[in-house]
Amino acid sequence: RVVLMEHSEVGPHSFTANAIFGPDSHVSGGEVHCTLFGPNANSHHQSLLIGILWPLGRGNVGYGSNVGSNHTGRIPDQETSVGEGTFWGLGSVIKFPVDLTSAPYSIVAAGVQLPPQRIALPFSLITDGPGGMNQLTPGWLLRYSPYTVARSEAKFASRRKAKRHDFYTGWKIIRPGVVDMMVEARDALVRAGGERRTAGEASGPVSKEKKAVFRTDRAVPGLGANQLTEKGRKIGIGSYTDAIQRYALRGLLDRLVALAPSQKGLPTGEVLRRAGLDRAGSDDSLGAVHIPPPSEPAVDWPIFPWNEASFSDAEALWRHQRQVLVRELPSVLRDDGGGVLSRLLEKCVSLEDDHARRVHESKSRDDARGAATVPGYEDAHVAAGEDPVVLAAKEEAERVREDARIVGEALGASGDARSRL
């Protein structure tokens, strides 16, 4: 039995049985058995999927991937639960059971053999590592390949054909549920380094040596059966922190843009009050986003996007962004010097500029490598400076800068801060 949902396709030379194919999913040439193959997922090459639970899809299966060792030698009673946007690299071998649902948009690199484990570090890169243990770099996509995330966001929006299941195909990548995963992952990385840290702000001295290596989830909850270097740990902390704060500050900017036209000249305190941030330093209902301690088991499906309160409620989205903002930047919000609004706007612009720069750099690296390797590469490929994804990121950064300027002028941010915007 096979169920094909709206605009899904099983192409020639495919073998499938007892499978459900989500909207806008495509399979051609491979085997898919006893699998839930989610929306916008693609498997265009000879590969094997057996016993896969992939409800959020949006990923890709490379040639030769064997995601199907579901038999223990006793009975075939094992499964793999796959995270949204997972990329299975060429020739990867996955030994069940594996859970990647709390590691969305992660890449299992070519040739990697993944033993049974649970990984809870989003946007990660998993590669072969020294000593026979795979190496994981948390937040790698956010830091070194944000072009991939930006292109995916645009691709999922433009390639959607399903109409009756639009709720099951249309949601943002950076949303409350994913942000909560990044917060939990970031805090686990911070704890592993023995740092004293206030939410997303500056951390204290690192107690581990620069060459320290963390092995398995006994050292870092969510690391699975992999190893992590000290450099990788710091990459993860920085990548997650930037993404978390960018999400929250963009929410604040949108809120202030809505206030600006009719509330010109308001004092900063009144602006913060209307945005719901006037009591950020007190122990009130704003609270911090709950992060379970390492001892608490969290083996469960993450909340699906369409079940998040913010999916169809802009106020619910802002409440979550506000909670994250309060947790991440408490010292800024407690500033009594009157520069709160200016500092928040400046931080928002800085993070957006940095994101646009890294999107350009990640595409430029591919351009340089291709031109240095393949004759005529530059004549056949769009350069980073003309790439629509890169241009869209740049335009978005410019829009954020302009919105911050308008808000600063209308709502009373100090002149010194506005000049730096």
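Hydrogens, waters and symmetry mates are skipped; everything else that's a heavy atom, side chains included, is used. Because the structure is predicted, anything quoted here is derived from the model rather than measured.
Sorted by first and then second residue, the salt bridge (Lys or Arg N to Asp or Glu O under 4.0 Å) pairs involving residues 12-36 (not counting sequence neighbours) form an empty list. Listed by first then second residue, pairs satisfying side-chain hydrogen bond (donor to acceptor under 3.5 Å, both in side chains) with a partner in residues 367-381 read Lys363-Asp367, Asp366-Arg369, not counting sequence neighbours. The side-chain hydrogen bond (donor to acceptor under 3.5 Å, both in side chains) pairs that include a residue from residues 213-225 number zero, where partners must be two or more places apart or lie in different chains.
For the pair Arg246 and Glu352, the salt-bridge criterion is met [side-chain N within less than 4.0 Å of a carboxylate O]. Here Glu328 pairs with Arg186 in a salt bridge; the nearest charged N to carboxylate O distance falls below 4.0 Å. Here Glu308 pairs with Arg175 in a salt bridge; the nearest charged N to carboxylate O distance falls below 4.0 Å. A salt bridge links Arg327 with Asp187: the distance from a Lys NZ or Arg NE/NH1/NH2 to an Asp or Glu carboxylate oxygen falls below 4.0 Å. Remark: Arg143 engages Asp242 in a salt bridge, criterion side-chain N to carboxylate O under 4.0 Å. Under a 4.0 Å N-O distance rule, the pair Glu361/Arg357 qualifies as a salt bridge. Salt bridge Glu396/Arg399: present, at least one basic N to carboxylate O contact under 4.0 Å. Salt-bridge annotation for Glu346 and Arg343: absent, with no side-chain N of the basic residue lying under 4.0 Å from a carboxylate O of the acidic one.
Proximity of Leu249 to Leu325: side-chain heavy atoms (C-beta onward) are separated by under 4.5 Å at one or more points. The side-chain heavy atoms of Thr80 and Leu53, taken from C-beta on, include no pair separated by under 4.5 Å. A 4.5 Å side-chain heavy-atom check between Phe123 and Trp140 finds every atom pair outside the cut-off. Between Pro23 and His7, the closest side-chain pair of non-hydrogen atoms is not below 4.5 Å. Taking 4.5 Å as the limit, some side-chain heavy atom of Met181 sits within range of a side-chain heavy atom of Pro302. At least one side-chain heavy atom of Pro115 sits less than 4.5 Å from a side-chain heavy atom of Asn134. Between Ile244 and Val324, the closest side-chain pair of non-hydrogen atoms falls below 4.5 Å. Using a 4.5 Å heavy-atom threshold, the side chains of Thr35 and Val32 count as touching.
Within 6.0 Å of the NZ atom in Lys161, the count of heavy atoms belonging to other residues, nucleotides or ligands does not exceed 12.
Nearest heavy-atom pair across Ala103 and Leu121 is CB-O, 3.6 Å. Residues Ala393 and Ala356 come closest through the heavy atom pair O-CB, 3.6 Å. Residues Ala109 and Ser92 approach most closely at O-CB, 4.2 Å, considering heavy atoms. The shortest heavy-atom contact between Thr16 and Ala19 is OG1-CB, 3.5 Å. Residue Gly139 comes nearest to Ser124 through the heavy atom pair N-OG, 3.8 Å, listed as atom of the first residue, atom of the second, then distance. Closest non-hydrogen pair, Gly62 versus Ser47, comes out as O-CB, 3.9 Å.
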(request) Determine, step by step, whether Ile126 and Ile107 satisfy the side-chain contact (heavy atoms from CB on, under 4.5 Å) criterion, reporting the C-alpha distance in whole Å, the side-chain angles of both residues, the deciding distance to 0.1 Å, and the verdict. (result) CA-CA 6 Å; Ile126 305 170; Ile107 295 176; over 6 Å; no
(message) For a side-chain contact (heavy atoms from CB on, under 4.5 Å) check, start with the C-alpha distance between Leu253 and Val407, then their side-chain angles and the critical distance, and finish with the verdict.
(response) CA-CA 8 Å; Leu253 181 61; Val407 167; 4.2 Å; yes
(request) Apply side-chain contact (heavy atoms from CB on, under 4.5 Å) to Gln245 and Leu351, showing your working. (result) CA-CA 8 Å; Gln245 294 184 0; Leu351 287 173; 3.9 Å; yes
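Judged by distance alone, with hydrogens and angles left aside, the side-chain atoms of Thr86 form a donor-acceptor pair with the main-chain N or O of Gly83 at under 3.5 Å.
Remark: the Gln117 side chain and the Asn226 side chain contain an N/O donor-acceptor pair separated by less than 3.5 Å. No hydrogens or angles considered: nothing links the side chains of Tyr144 and Arg358 as a donor-acceptor pair under 3.5 Å. There is no side-chain donor-acceptor pair under 3.5 Å between Ser152 and Arg58. No side-chain N or O of Gln323 forms a donor-acceptor pair with one of Trp318 less than 3.5 Å apart. A donor-acceptor contact closer than 3.5 angstrom links the side chains of Tyr105 and Glu84.
Taken to the nearest 0.5 Å, the OH atom of Tyr240 stands 11.0 Å off from the CD1 atom of Ile235. Summarising the geometry, atom NE2 belonging to His13 is positioned 9.5 Å from atom OG belonging to Ser28; distances are rounded to the nearest 0.5 Å.
The aromatic ring centroids of His320 and Tyr247 lie less than 6.0 Å from each other. A distance below 6.0 Å separates the ring centres of Trp54 and Phe37. Taking the centre of each ring, Trp171 and Phe311 stay at or above the 6.0 Å mark.
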